[in-house]
Amino acid sequence: RRVHGVHTAIHIIIFIFIVVGLVAVFDFHNAQSIPNMYSLHSWIGLTTVLLFCFQLVFGFTIFLFPGLAQEFRKFYMPIHIFFGISIFTMAVISVLTGTTEKLFFENFTGNKTSRLKYNSFPFEGVLVNSMGFAVILLAGLVGFIVMNPNWKRTNQEEADRIPLQ
């Protein structure tokens, strides 16, 4: 039961960060007269946020709300896991497209000098590429942990028993 509470608390904190981040992005775009929702990054990001919100509401309602039948919770668990992995993957893709988009906007717009800047391995380019590589490594590690049966809880009865009250 403690694991479920920690899982929920972490995702509520993530939700708060998402709201703050979205407000900051839309405020910045509006202040700079930059269109909203024009890029693949923004479409993937907003889709990820919406799926995350649905996942949070459904997960909270189904797993923490008293009175739901245990059979329904067991039925929904594989769906919850699938969407959790999918949302995480989409978040990784959103990070990679967003950092690449920002890097290209900073280095491939303007005069010919700025367009050639990226070819000389500027610090920003190396930093963004290194960060992107680190995000991919993190995603691979998370995928390994999620898929590895050795990392599953050993007491399956405790994992299956989600209290109804």
Side-chain angles (χ1 to χ4, degrees), residues 3-63 76-153 159:
V3 172
H4 299 292
V6 170
H7 183 79
T8 303
I10 289 170
H11 285 85
I12 289 171
I13 292 167
I14 291 169
F15 175 76
I16 293 167
F17 285 136
I18 287 170
V19 169
V20 170
L22 283 176
V23 168
V25 167
F26 280 99
D27 283 351
F28 176 79
H29 278 213
N30 293 337
Q32 300 293 321
S33 298
I34 299 171
N36 292 308
M37 303 303 301
Y38 62 91
S39 67
L40 178 62
H41 162 69
S42 59
W43 291 16
I44 292 170
L46 191 59
T47 303
T48 304
V49 168
L50 292 174
L51 288 174
F52 179 85
C53 291
F54 285 129
Q55 177 85 329
L56 187 63
V57 168
F58 284 126
F60 185 81
T61 304
I62 291 170
F63 295 117
Y76 183 70
M77 181 58 86
I79 298 167
H80 187 72
I81 292 169
F82 169 79
F83 276 102
I85 293 169
S86 299
I87 292 165
F88 176 75
T89 303
M90 289 178 67
V92 168
I93 293 168
S94 183
V95 166
L96 295 175
T97 57
T99 54
T100 303
E101 177 183 292
K102 182 65 173 170
L103 185 66
F104 284 165
F105 284 166
E106 294 297 321
N107 290 290
F108 290 122
T109 57
N111 59 31
K112 185 175 173 119
T113 311
S114 66
R115 279 185 265 147
L116 297 175
K117 184 178 168 189
Y118 188 70
N119 294 340
S120 63
F121 294 99
F123 174 75
E124 297 88 354
V126 173
L127 179 66
V128 167
N129 289 345
S130 300
M131 187 179 79
F133 196 72
V135 168
I136 291 169
L137 288 176
L138 172 68
L141 179 63
V142 168
F144 174 77
I145 290 171
V146 167
M147 300 300 290
N148 190 334
N150 295 329
W151 288 77
K152 301 282 184 197
R153 280 181 260 178

message = When you compare the side chain of I81 with that of M77, does any pair of heavy atoms fall below 4.5 Å?
response = yes
remark   = Tightest non-hydrogen contact, residues V57 and T61, listed as O-OG1, 2.7 Å
key: Partners meeting ring-ring contact (aromatic ring centres under 6.0 Å, His included) with F52 (sequence neighbours left out)   = H11
inquiry  = Heavy-atom count check: over 12 atoms from other residues, nucleotides or ligands less than 6.0 Å from F17 CZ?
reply    = no
ask   = Which residues pass the ring-ring contact (aromatic ring centres under 6.0 Å, His included) test with H80, sequence neighbours left out?
value = F63, Y76
key: Test log, rule side chain to side chain contact (heavy atoms under 4.5 Å, CB included), inputs V49 and C53   = CA-CA 6 Å; V49 168; C53 291; 4.3 Å; yes
inquiry  = Does anything in residues 87-103 form a salt bridge (Lys or Arg N to Asp or Glu O under 4.0 Å)? List the pairs, not counting sequence neighbours.
reply    = K102-E106
ask   = CG of L56 to CD1 of I14: how many Å apart, nearest 0.5 Å?
value = 9.0 Å
message = Set out, in order, the CA-CA distance, both residues' side-chain angles and the distance that settles side chain to side chain contact (heavy atoms under 4.5 Å, CB included) for F28 and I34, then state yes or no.
response = CA-CA 8 Å; F28 176 79; I34 299 171; 4.0 Å; yes
For residues 85-94, which side-chain donor-acceptor pairs fall under 3.5 Å, sequence neighbours excluded?
| from | atom 1 | to | atom 2 | distance (Å) |
| --- | --- | --- | --- | --- |
| S86 | OG | F82 | O | 2.9 |
| T89 | OG1 | I85 | O | 2.9 |

note = d(T99 OG1, F104 CZ) to nearest 0.5 Å is 9.5 Å
ask   = Hey, does the side chain of W43 reach the backbone of M37 with a donor-acceptor pair shorter than 3.5 angstrom?
value = yes
Greater than 12 external heavy atoms within 6.0 Å of F58's CZ = no
message = Can you pull out every side chain to side chain donor-acceptor pair (under 3.5 Å) where at least one residue sits in residues 17-35? Sequence neighbours excluded, please.
response = H29-N36, N30-N36
note = In this structure, CG of L141 is separated from CD1 of I136 (nearest 0.5 Å) by 14.0 Å
task = Measure the spacing between CD1 of I44 and CG of L96 and express it to the nearest 0.5 Å.
result = 9.5 Å
task = Output every pair passing salt bridge (Lys or Arg N to Asp or Glu O under 4.0 Å) with a member in residues 9-23, not counting sequence neighbours, ordered by first then second residue.
result = none
